[in-house]
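This report concerns only the one structure given below.
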Amino acid sequence: MDKTYQPQDIERTWYEKWEKSSYFAPSGQGEAYSIMIPPPNVTGSLHMGHAFQDTIMDCLIRHQRMLGKNTLWQAGTDHAGIATQMLVERKLAAEEGKTRHDLGREAFIDKIWEWKEESGGTITRQLRRMGASIDWTRERFTMDEGFYKAVQEVFIRLYDDKLIYRGKRLVNWDCKLHTAISDLEVENKDQSGHLWHFRYPLADGMKTAEGKDYIVVATTRPETMLGDTAVAVNPTDTRYSSLQGQFVELPLVGRRIPIIADDYVDAEFGSGCVKITPAHDFNDYEVGKRHQLPMINILDPNGAILTRAEVYNSDGSVNGDLDDRLPESYHLLDRFEARKRIVEEFDQLGLLEKIDDHALKVPYGDRSGVVIEPLLTDQWFVAVADLAKPAIEAVEQGDIQFVPKQYENMYFSWMRDLQDWCISRQLWWGHRIPAWYDDSGNVYVARTEAEAREKYQLGHDLPLTQDNDVLDTWFSSALWTFGTLGWPEKTPELETFHPSSVLVTGFDIIFFWVARMIMFTLKFTDQVPFKKVYVHGLVRDQEGQKMSKSKGNVLDPLDLIDGIELETLVEKRTGNMMQPQLAKKIEAQTRKHFPEGIAPYGTDALRFTFLSLASTGRDIKFDMNRMEGYRNFCNKLWNATRYVLMNTENQDCGTQDEPVELSLADRWIISRLQETEAQIAKHFEEYRFDLLSNALYEFVWNEYCDWYLELSKPVLWDEHASAERLRGTRRTLVRVLEAILRLAHPMMPYITEEIWQKVGPLAGKTGDTLMLQPYPIAEPHKIDSQANSDIEWLKGVMLAIRNIRGEMNIGPGKAISVLLRNTDAEDERRLIATESLLVKLAKLDSIERLATDADAPMSATGLVGAMEILVPMAGLIDKDAELARLNKEVDKLNKEIERLAGKLSNEGFVSKAPAEVVAKEKEKLADMQAACSRLSEQKASIEAM
RNA sequence: GGGCGAAUAGCUCAGUUGGGAGAGCACCUGCCUUACAAGCAGGGGGUCGGGGGUUCGAACCCCUCUUCGCCCA
């Protein structure tokens with residue numbers, strides 16, 4: 001083996017071997033355990049969030065596989081409607097100078113498929129590098145034929161059950177992409193804008209309480225006034241009580257609109273009057289519905305002013321009564337141009353009261369980057385009220401449990417205030433809505449046109465055209481757990497692996513995905529989609545910022561695995577940017593954070609880092625220093641193995657269960673292994689990957705390496721040791737290491753597999769791969785509390801001696817003599833058991849006992865319980881150094897004694913605290929007082945010399 | 001404005017019915033000791049965001065304020 005751990009040498013070959021050997025596929029034996037990957041975007045590449053999430057899933061699935069479950073981890077990608085369409089459109093424009101309209105719908109979709117075949121697999125290749133033990137033979141894509149069948153089936157059944165309807169509703173409209181988009185795709189940005197205060201003249205000669213012939217409304221979007229259909233005030237606002245039910249004359253358009261009263265209006269804000277534009281604002285839309293106001297749409301799909309407004313009644317039906325004319329000078333004027341012009345015109349008319357600066361949130365499309373307009377359009381909706389009820393109950397009753405539990409509140413709060421879900425998108429790429437229309441606009445929903453004719457008994461000559469829209473990608477994602485297992489067919493996979501065991505996901509998509517999966521899955525399978533939802537935090541950069549391409553702080557997980565030169569990293573981060581003006585800043589930032597580029601850390605170190613960061617918090621700040629620490633941990637494990645192999649290969653390790661004699665150290669490390677196994681099992685149970693990885697780290701480094709390997713040396717290097725004793729130690733060395741490898745495998749699959757190939761056989765294990773070995777389970781009868789306390793005592797003695805060496809500057813090479821005083825029977829017993837170990841590990845010339853009252857030569861002193869450890873100072877140290885050291889100790893003890901004495905002299909504590917707590921404190925105080933007086937005596941005697 | 005979350009060592013974070021403040025990294029000192037300098041040994045460092053309350057006892061429970069983050073209006 002190399003002297004240092006070199007991850008790049010071992011990773012690739014193992015993954016290929018595992019995959020080729022079908023180790024990832026379900027075993028077909030045992031209880032089923034399944035995880036469905038949250039499908040990443042087919043256009044995407046692996047980012048830190050994926051890598052984090054996939055590490056957790058892989059850790060879970062490998063653990064369950066080793067526990068003997070019939071495990072399925074199924075992966076796939078979603079078709080990402082907008083993202084994919086845009087990507088291929090850009091490519092088409094760049095390469096052929098064409099738009100999708102030049103090609104037509106079918107040819108364009110063919111182009112997308114071509115692109116998908118060539119480039120769609122990036123992320124799955126990257127997943128392999130992460131070591132993800134996915135059953136690739138069952139990889140799914142939301143646009144697969146079989147999956148489309150499930151999507152259609154769900155749509156048709158929901159429609160037939162009246163849970164899907166089509167209607168004219170207000171949606172988030174992207175004026176550049178010409179489609180409705182979901183709330184998830186809208187990014188609200190803080191911006192400083194203005195609040196324009198307009199005077200609206202009162203009709204019919206009415207006057208306000210103050211005698212004015214107008215009222216003032218304030219708006220952040222003046223252009224929408226062309227579509228106003230009311231002015232609202234708070235019903236309790238006495239300033240306007242006489243005006244409720246009266247009318248204003250809407251300037252520029254001359255429309256007569258009512259003054260209504262509604263609680264929605266905040267009397268304290270502005271003038272207390274609000275203009276109501278139901279067709280262009282979500283709040284106004286609700287107000288309009290409450291008051292049966294007409295809705296007047298003034299914008300076209302580009303966000304320009306229409307030549308004629310579209311007027312609807314509050315139920316969405318066409319209103320032919322109201323005047324639909326718009327001022328001619330605004331026709332086809334862009335919304336922002338119109339805004340300017342309207343403000344000017346109000347000013348000229350003397351109707352502009354004032355302009356205030358105003359901070360507001362402006363919605364932007366996250367793909368297009370343009371301001372989103374609420375727009376009245378014909379869209380398909382899912383009526384979610386009936387679906388939500390069982391979905392809420394499933395969580396209330398515990399059929400689905402969130403981990404951590406607090407996220408259930410987040411889920412409930414959203415589910416109890418649910419809006420109907422707009423599922424149609426005006427795109428070409430996606431699942432086309434299975435609905436047909438005749439010339440008079442009647443809707444027929446069926447799988448095919450032929451089926452529609454049959455189902456609705458339509459004549460062959462009735463012309464039908466299919467709906468042009470496609471479904472929201474989340475609509476298909478909501479079927480992911482059962483749609484990918486073959487539903488609506490009753491497949492064996494569906495029978496075995498549904499419901500899935502756990503969903504691993506970020507809290508940011510609880511609403512958009514998790515909740516919808518629960519609703520749809522319950523509706524169509526009468527099963528929950530998953531029994532648990534493990535919700536993890538979001539990965540952020542070292543400054544706590546969200547990682548995003550425009551901020552230039554993204555890290556590619558593969559660069560952390562393979563390493564990357566600084567210049568390449570800078571180029572990667574600043575090349576091909578949406579906002580090139582940020583490049584300089586990003587370059588500087590990158591050079592500051594990664595002055596040397598990034599070293600190759602390997603997959604296992606990256607995975608271990610993710611796991612150790614997976615606590616219950618919402619933010620995960622990724623810290624390169626921690627990853628370096630865990631790379632070092634891999635190296636530690638590597639080198640511990642080298643030591644074990646050097647001392648066991650081609651030697652008698654008791655593989656055939658020959659008789660052995662186990663030393664105290666052997667019994668101790670076996671005992672601690674059981675405790676560690678129990679701890680790890682508990683942490684797995686509770687999804688505490690941070691505590692889990694920490695428990696492993698602690699055991700491997702601080703116990704196995706720091707103590708057990710050292711304690712094994714005196715045995716293995718002892719020429720007089722018996723065969724049983726040598727065998728016992730060798731067997732323990734390899735067996736414990738082999739157990740460590742199995743314990744660690746779900747976290748660090750590569751290094752453990754590589755090492756296990758050598759260590760496994762020495763521990764008597766057979767099998768081609770560590771992956772399929774049984775996971776270690778604690779055996780409580782092997783917990784040896786006496787061995788534990790004896791070794792703790794030994795550590796105490798070692799620590800006392802090392803402390804004296806360290807502080808007295810006695811080099812590690814220099815052997816010293818030790819005197820022991822005030823030993824009790826237990827100390828004596830332990831001394832006999834460990835003397836040879838102490839002599840070798842602490843590098844001692846001799847250990848001698850002194851009678852309890854005997855005088856000692858001038859010595860440095862340490863305490864283990866009541867036992868004094870004296871290191872004679874002759875020729876070694878100066879008096880002052882030892883006195884300083886003792887003073888420090890005595891001061892520390894005195895502080896603690898003062899605190900405890902105070903506590904125990906408190907009447908309240910002694911009478912009210914539990915008796916065992918009081919007894920413990922008393923004992924502690926007595927021990928410390930004893931220790932303090934011993935050290936003080938020692939101080940006095942040194943001073944006297 | 002409403003809701004949620006966070007604030008513990010220089011940094012990143014643990015801290016499980018309330019009972020002696022921890023880890024890793026960084027720092028200081030000494031060591032190339034035959035597994036490992038990506039290491040070993042020893043050491044220093046915290047008013048647990050501020051204030052108030054409950055309690056014999058609070059990092060932990062309650063109230064309040066401050067700062068930061070996210071979601072919603």
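Lettering follows sequence order; numbering is per chain, from 1.
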Looking only at atom [atom1], what distance separates [N] and [M], rounded to whole Å?
| N | M | atom1 | result |
| --- | --- | --- | --- |
| U54(B) | G42(B) | P | 45 Å |
| U17(B) | G57(B) | C1' | 15 Å |
| A58(B) | U67(B) | C1' | 23 Å |
| G45(B) | G18(B) | P | 30 Å |
| G43(B) | A26(B) | C1' | 15 Å |
| A21(B) | C48(B) | P | 11 Å |
| G39(B) | C25(B) | P | 7 Å |
| U34(B) | C28(B) | P | 26 Å |

I want to check one thing: is the phosphate of [N], taken as OP1 and OP2, less than 4.0 Å away from some side-chain N or O of [X]?
| X | N | answer |
| --- | --- | --- |
| K814(A) | U33(B) | no |
| N803(A) | G43(B) | yes |
| W701(A) | C40(B) | yes |
| R802(A) | G42(B) | yes |
| K843(A) | A41(B) | no |

Compute whether any side-chain donor of one residue and acceptor of the other, for [X] and [Y], lie under 3.5 angstrom apart.
| X | Y | answer |
| --- | --- | --- |
| Y643(A) | S712(A) | yes |
| N635(A) | N639(A) | yes |
| T236(A) | N234(A) | yes |
| T752(A) | E754(A) | no |

Is the base of A35(B) touched by the side chain of E710(A) through a donor-acceptor pair closer than 3.5 angstrom?
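For E710(A), whose side chain was compared with the base of A35(B), there is a donor-acceptor pair (under 3.5 Å).
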
Can you find a donor-acceptor N/O pair under 3.5 angstrom joining the side chain of K636(A) to the base of C36(B)?
yes

Which part of the nucleic acid does [X] contact within heavy-atom distance under 4.0 Å: base, sugar-phosphate only, or nothing?
| X | answer |
| --- | --- |
| N283(A) | sugar-phosphate |
| C705(A) | base |
| E286(A) | nothing |
| K713(A) | base |
| D706(A) | sugar-phosphate |

Which nucleotide sits closest to the side chain of [X]: [options]?
| X | options | value |
| --- | --- | --- |
| R618(A) | G44(B), C25(B), G5(B) | G5(B) |
| Y697(A) | C25(B), G69(B), A38(B) | C25(B) |
| K888(A) | G24(B), G44(B), A35(B) | G44(B) |

Between R672(A) and E675(A), is the closest basic N to carboxylate O distance under 4.0 Å?
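Result for this pair is yes, salt bridge flagged.
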
With a 4.0 Å cut-off, would you call E738(A) and R735(A) a salt bridge?
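No.
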
Please tell me which of N906(A) and E698(A) maps to the more 5' nucleotide of RNA chain B, matching each residue to the nucleotide holding its nearest heavy atom.
E698(A)

On RNA chain B, does the nearest nucleotide to D623(A) precede the nearest nucleotide to Q406(A) from the 5' side, or the other way round? Give the residue.
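Mapping each residue to its closest nucleotide by heavy atoms, the 5'-most match is Q406(A).
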
Rounded to whole angstroms, how far apart are [atom1] on [X] and [atom2] on [N]?
| X | N | atom1 | atom2 | result |
| --- | --- | --- | --- | --- |
| Y708(A) | C40(B) | OH | C1' | 20 Å |
| F689(A) | G24(B) | CZ | C1' | 20 Å |
| N639(A) | U34(B) | CG | P | 13 Å |
| W707(A) | A35(B) | CH2 | P | 17 Å |
| F608(A) | A38(B) | CZ | C1' | 15 Å |
| E408(A) | G5(B) | CD | P | 14 Å |
| R805(A) | G43(B) | CZ | C1' | 17 Å |
| M1(A) | A35(B) | CE | C1' | 10 Å |

Is there a Watson-Crick or G-U wobble partner for [N] with both distances under 3.5 Å, and which nucleotide is it?
| N | answer |
| --- | --- |
| G30(B) | C40(B) |
| G18(B) | none |
| G49(B) | C65(B) |
| A23(B) | U12(B) |
| G1(B) | C72(B) |

Donor-acceptor contact below 3.5 Å, side chain R899(A) vs main chain N894(A):
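No.
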
Exam field: side chain E11(A) to backbone T603(A), donor-acceptor pair closer than 3.5 Å
yes

Measuring from I10(A):CD1 to W638(A):CH2, what's the distance to the nearest 0.5 Å?
5.0 Å

Specify whether Y697(A) and Y630(A) have parallel, tilted or perpendicular ring planes, treating 30° as the upper limit for parallel and 60° as the lower limit for perpendicular.
perpendicular

Do F622(A) and T609(A) have side chains that approach each other closer than 4.5 Å (heavy atoms only, starting at C-beta)?
yes

Reading nucleotides 13-21 of chain B from 5' to 3' and marking B where a protein heavy atom lies under 4.0 Å of the base, S where only the sugar-phosphate is that close, and - otherwise, the string is SSSB--BB-

